[in-house]
Participant: 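Sharing a structure, written as structure tokens. Questions coming.
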Amino acid sequence: MRLSVDGKSIKNPPKAKTVAELISALGLSEEEVLVKINGKLSPNSASISGEDEVKVMRVIFGG
Amino acid sequence: MESDKQSSGLCAKCGKPAAITLRYMPADLCQSHFVRLFEARVKRTVRQHRMLKKGERIAVGLSGGKDSCVMLHMLHKISQSLPIELHAITIDEGIEGYRSRTLEIAKEQCSRLGVPLTVVSFREEFQSTLDGLLEAKGAARACTYCGVMRRHLLNKYARELGADKIAIGHNADDVAQTVMMNLMRNEPERLGRFGLTSGAVDDEAFVKRIKPLFTTPERDVAAYAVMKGIQIEFAECPYAKNAFRQYIRKMLNEIEGKYPGTKLRVVRAFLEQSRLMLDGARYRIEKAGSFAKIGRCKSCGEPSSGKTCSLCLLLERG
Ligand SMILES: [Zn+2]
Ligand SMILES: [Zn+2]
């Protein structure tokens, strides 16, 4: 998987088969992120495979 | 994993591939059913709390952040069936490297929707940017200064525009945080003033505030913005780090993770109790004697419960 968090690419992404696993492996909470797989917003159970481009957006912040 | 059980991957309404998991429902929804849910919820909240009336002029507090941009978008949508007049107000506090970006977004949003925009700056109004002021006062109370100053300007300019109401982009997370903060600080009169549709004090110089997004979780606001192609700024206000609010936000999100729906339950509890709290606030205000009536600040002439308003006290003027 090619992974980015808040627009920054992550060199060694953690192993994860689903969005939920990825969020928890990154130490984030499902409550604070949205995840796109290959440009599409995806639910927590969506599966991630080798070639996928995954974007994690932290969307809960101040201001 | 526990969360996998709550996420089938398919839309609960139509069975198509889902775009988002809403653990507080709990349900997965496709993009078009999420958008429908989102818009229906905002419209229902506006209707239930009689936030808007035909013919009203609504000042929209537009920071350029995702919440106020999505609120403007929704109010504009509502204005196509309910004739209301929108006028956005953006406060430029003067926060280097943060506000300039959101100011651009505010301008873009307004021109896209054809909504007039008034930009008011701390520099012009207070002869100092927030950065400049905090250099002298220290950043520890940044949010207090900024909040009081912004509220003052928003009220003043909304009144000058002849607005019937000011729309504020507070979402359900903001409200849940404020409720918890006020409980922990034992500040019921503040909570009364925070009222979602009306305050503890009525005064013609105070423009009534409405919060169309107060039943909408922050993450949903972001998801809607992403789906609708509304630009969102990911930068965080540089002063927000230190605040008590950040701690409460983190705590609430941790509880939400274990017990989905908690934030919305806090908002509902506040709603149900707010009448009692408002009565309590009125009682405390009366008991305090000198706070019984809203007068005018002797320094700036804006409405104030004391001789000098909280803004002038903060700025040590008058
Ligand atoms: Zn659907
Ligand atoms: Zn004053």
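Owing to the predicted nature of the structure, the values given are computational and were not obtained by experimental measurement. All values below come from the heavy atoms of this structure, side chains included, with hydrogens, waters and symmetry mates left out. Protein chains get the first letters and strands the later ones, always in sequence-line order, with residue 1 at the start of each.
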Participant: Are any of the side-chain heavy atoms of B:K263 and B:V175 separated by less than 4.5 Å?
Facilitator: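 Result no, sub-4.5 Å side-chain heavy-atom pair not found.
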Participant: Would you call B:R219 and A:I60 a side-chain contact if the rule is heavy atoms closer than 4.5 Å?
Facilitator: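 Of all side-chain heavy-atom pairs linking A:I60 with B:R219, at least one is under 4.5 Å.
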Participant: We want to know whether B:S7 and B:D28 form a side-chain donor-acceptor pair, criterion being a heavy-atom distance below 3.5 angstrom.
Facilitator: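 Short answer, yes.
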Participant: Please rank B:M227, B:E256, B:Q31 by heavy-atom pairs under 4.5 Å with chain A and give me the top one.
Facilitator: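 Top count of heavy-atom pairs under 4.5 Å with chain A: B:E256.
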Participant: Is A:V35 close to chain B through its backbone or its side chain, or both, or neither, when contacts mean heavy atoms under 4.5 Å?
Facilitator: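 Neither; nothing under 4.5 Å.
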Participant: So, B:Y239 versus B:D131: side-chain donor-acceptor pair below 3.5 Å or not?
Facilitator: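 Yes, a side-chain donor-acceptor pair sits under 3.5 Å.
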Participant: Of the listed residues (B:C146, B:A18, B:G257), which shares the most heavy-atom pairs with chain A below a 4.5 Å separation?
Facilitator: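 Ranked by heavy-atom pairs under 4.5 Å with chain A, first place is B:A18.
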Participant: For B:D173, which atoms come within 4.5 Å of any heavy atom of chain A: side chain, backbone, both, or neither?
Facilitator: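 Side chain only.
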